[in-house]
Amino acid sequence: MDFSAMDGHQDMLPPGVPDVATLRKDARILLAQIDARERLGTRRVIPLPSGMWNALYRLEPAGLVAKLSFMGNAFEVDFLRDAAELGVPVPRIYSAGPLEHAEIPAACYFLMSYEANTANAWQFLHQHHQLSLDDLRLLGADLGANLARLHTRRLGYLTHFNTRIDRWQQALTDGFSPDWENPAQNSLFDHELLAALRRLLRETRYFEFSDGAFCHGDLVLTNVLVDTETHRLRAIIDPGNYAGMPMFDLAYAAMPWDHGFGFHDALLDAYKSRAVFDSVYYAVSQLVVAYRHARFHTPQVREYIHDSLLPSLP
């Protein structure tokens with residue numbers, strides 16, 4: 001098995017946790033396990049740019065992608081299979097299973113189709129500067145239409161990765177989250193704005209939401225593949241959840257300060273023409289996303305919240 005393409009390979013993002021670094025370090029052994037179990041006859045392994053939480057490798061001549069994970073991948077495998085049934089463009093799943101690793105008991109993998117002639121949308125935009133404003137508007141419309149397809153499947157429950165949970169607050173309790181029981185000031189939410197956030201969370205009973213729908217959970221451009229020539233959407237990858245709040249899923253995908261209001265407006269217009277839109281939950285979700293992610297702690301976002309977002313809320 002030829003691993004020479006792995007020499008000098010750079011992933012898109014560094015490992016988010018030590019277990020991911022370990023998976024990448026031991027990839028040769030783990031890929032040999034997969035090859036033997038699946039009887040693929042792999043001759044060449046080609047690494048693909050990975051995000052913070054995984055490791056990706058194309059196996060030739062099978063033409064499949066192996067994704068290595070440090071925790072159970074059932075929610076992701078289920079997401080990709082169910083999304084495909086709804087007509088959402090996603091890679092096709094071929095097989096999945098556990099891996100033997102002395103340090104990572106929950107190590108696992110799945111095999112999926114390789115999307116040829118595609119590029120990661122985030123890299124295309126920020127590293128190669130090959131997405132125009134028109135490209136972004138078209139991509140936003142495509143993403144809005146596909147989020148609507150997902151959200152029309154009402155599930156009636158919530159999950160946090162593989163685990164069912166009782167209320168929305170539990171889904172937002174992770175490494176990015178503050179103490180939601182007692183939100184503190186930060187560089188964006190001063191005393192006045194923080195008081196407004198606390199009031200809205202309480203009065204809308206936002207954290208008590210439990211009637212979940214089929215969601216992606218992390219639809220940022222690092223998890224979107226576009227055609228290298230047309231720049232149109234080809235596949236959605238790397239879900240961050242399965243059952244969640246549709247308006248948070250929508251707000252997280254559309255945040256205008258990441259990719260502009262043209263992208264944001266096109267995404268919302270496409271979504272609203274196909275699915276139910278809750279303006280209050282959407283606006284509160286924008287506040288929650290802005291609060292918990294430091295990249296949004298800017299004067300521009302503060303101005304938008306004061307001038308446009310808060311006046312639209314009760």
Side-chain angles (χ1 to χ4, degrees), residues 16-17 52-53 122 140 144 147 151 158-161 163 165-213 215-223 240-241 243-265 267-268 271-272 276-314:
V17 292
M52 297 173 63
W53 309 112
W122 188 90
L147 274 179
H151 296 171
L158 298 172
T159 59
H160 189 210
F161 297 109
T163 305
I165 56 177
D166 296 325
R167 57 203 298 264
W168 182 237
Q169 181 175 337
Q170 294 170 265
L172 298 178
T173 302
D174 56 26
F176 296 105
S177 293
D179 177 6
W180 288 118
E181 296 296 337
N182 186 31
Q185 292 186 42
N186 59 33
S187 56
L188 175 62
F189 282 75
D190 55 18
H191 179 72
E192 179 184 356
L193 191 52
L194 183 62
L197 174 64
R198 287 175 167 174
R199 177 184 64 81
L200 288 163
L201 291 173
R202 181 180 65 256
E203 292 181 355
T204 62
R205 303 179 69 181
Y206 181 82
F207 283 144
E208 296 175 32
F209 175 87
S210 61
D211 188 16
C215 289
H216 183 281
D218 193 21
L219 195 56
V220 291
L221 291 195
T222 50
N223 295 332
N241 205 355
M245 178 193 283
M247 290 303 98
F248 181 87
D249 208 24
L250 183 65
Y252 188 68
M255 288 300 273
W257 310 290
D258 272 340
H259 312 302
F261 279 91
F263 173 86
H264 168 274
D265 293 347
L267 199 157
L268 257 63
Y271 184 92
K272 290 178 180 179
V276 175
F277 178 78
D278 186 314
S279 61
V280 173
Y281 267 6
Y282 179 76
V284 177
S285 293
Q286 282 190 301
L287 290 173
V288 169
V289 173
Y291 180 89
R292 72 199 288 257
H293 291 283
R295 72 180 185 274
F296 297 129
H297 297 181
T298 68
Q300 179 190 20
V301 176
R302 183 192 301 274
E303 181 180 359
Y304 172 81
I305 290 173
H306 279 290
D307 294 348
S308 300
L309 203 54
L310 290 182
S312 72
L313 286 162

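If you're wondering where the values come from, they're calculated on a predicted model, not measured in any experiment.
- Considering only heavy atoms from C-beta on, I305 comes within 4.5 Å of L193 through its side chain.
- Here the side chains of W168 and S285 are not in contact, with every heavy-atom distance at 4.5 Å or above.
- Take Y291 and apply the ring pair (Phe, Tyr, Trp, His ring centres under 6.0 Å) test, not counting sequence neighbours, and it matches W180, F189.
- Checked against side-chain hydrogen bond (donor to acceptor under 3.5 Å, both in side chains), E181 has the following partners two or more places apart in sequence or in another chain: Q169.
- V17 meets the side chain to side chain contact (heavy atoms under 4.5 Å, CB included) test with D19, V20, W53, F70; sequence neighbours excluded.
- Atom CG of L268 and atom CZ of F261 lie 11.0 Å apart (nearest 0.5 Å).
- Every side-chain hydrogen bond (donor to acceptor under 3.5 Å, both in side chains) that H297 has, sequence neighbours left out, goes to S187.
- Judged by distance alone, the side chains of R292 and N186 never bring a donor and an acceptor atom under 3.5 Å apart.
- Residue pairs meeting the salt bridge (Lys or Arg N to Asp or Glu O under 4.0 Å) criterion with at least one partner in residues 255-265, sequence neighbours excluded, are D258-R295.
- Using cut-offs of 30° and 60° for the angle between ring planes, the F277 and Y282 rings count as tilted.
- Using a 4.5 Å heavy-atom threshold, the side chains of Q286 and M255 count as touching.
- Among residues two or more places apart in sequence or in another chain, the side-chain hydrogen bond (donor to acceptor under 3.5 Å, both in side chains) test is passed with D211 by R154.
- Side chain to side chain, D166 and S210 fail the donor-acceptor criterion of an N or O pair below 3.5 Å.
- With hydrogens and angles ignored, the 3.5 Å screen pairs a side-chain donor or acceptor of D249 with a backbone N or O of G217.
- In this structure, Y252 and F248 have parallel ring planes: the angle between them is below the 30° cut-off, well short of the 60° mark.
- Distance check, rounded to the nearest 0.5 Å: CE of M245 to CG of D278 gives 8.5 Å.
- Scanning both residues, P246 and A213, for their nearest heavy atoms gives CG-CB, 3.7 Å.
- Side-chain contact between T159 and I165 is absent, with no heavy-atom pair separated by less than 4.5 Å.
- Residues E203 and P314 are not in side-chain contact: their nearest non-hydrogen atoms beyond the backbone lie 4.5 Å or more apart.
- For F209, the ring pair (Phe, Tyr, Trp, His ring centres under 6.0 Å) partners at least two apart in sequence or on another chain are Y281.
- Under the 4.5 Å side-chain criterion, counting only non-hydrogen atoms from C-beta, S279 is not in contact with M247.
- Nearest heavy-atom pair across A283 and L313 is CB-CD2, 3.5 Å.
- For residues 300-312, the side chain to side chain donor-acceptor pair (under 3.5 Å) pairs, not counting sequence neighbours, are D190-R302.
- Taking the side chain to side chain contact (heavy atoms under 4.5 Å, CB included) definition, one finds that E208 meets it with R167, R205, sequence neighbours left out.
- Side-chain contact between L200 and L310: present, with at least one pair of heavy atoms (C-beta onward) separated by less than 4.5 Å.
- R202 meets the salt bridge (Lys or Arg N to Asp or Glu O under 4.0 Å) test with no other residue; sequence neighbours excluded.
- Side-chain contact check for N241 versus L158: every heavy-atom pair is 4.5 Å or farther apart.
- Residues meeting the side-chain hydrogen bond (donor to acceptor under 3.5 Å, both in side chains) test with T222, sequence neighbours left out: none.
- Remark: Q185 CD is packed, more than 12 non-hydrogen atoms of other residues, nucleotides or ligands lying under 6.0 Å away.
- Taking the ring pair (Phe, Tyr, Trp, His ring centres under 6.0 Å) definition, one finds that H160 meets it with nothing, sequence neighbours left out.
- Note that CG of L194 is 11.0 Å distant from CG of L287, once rounded to the nearest 0.5 Å.
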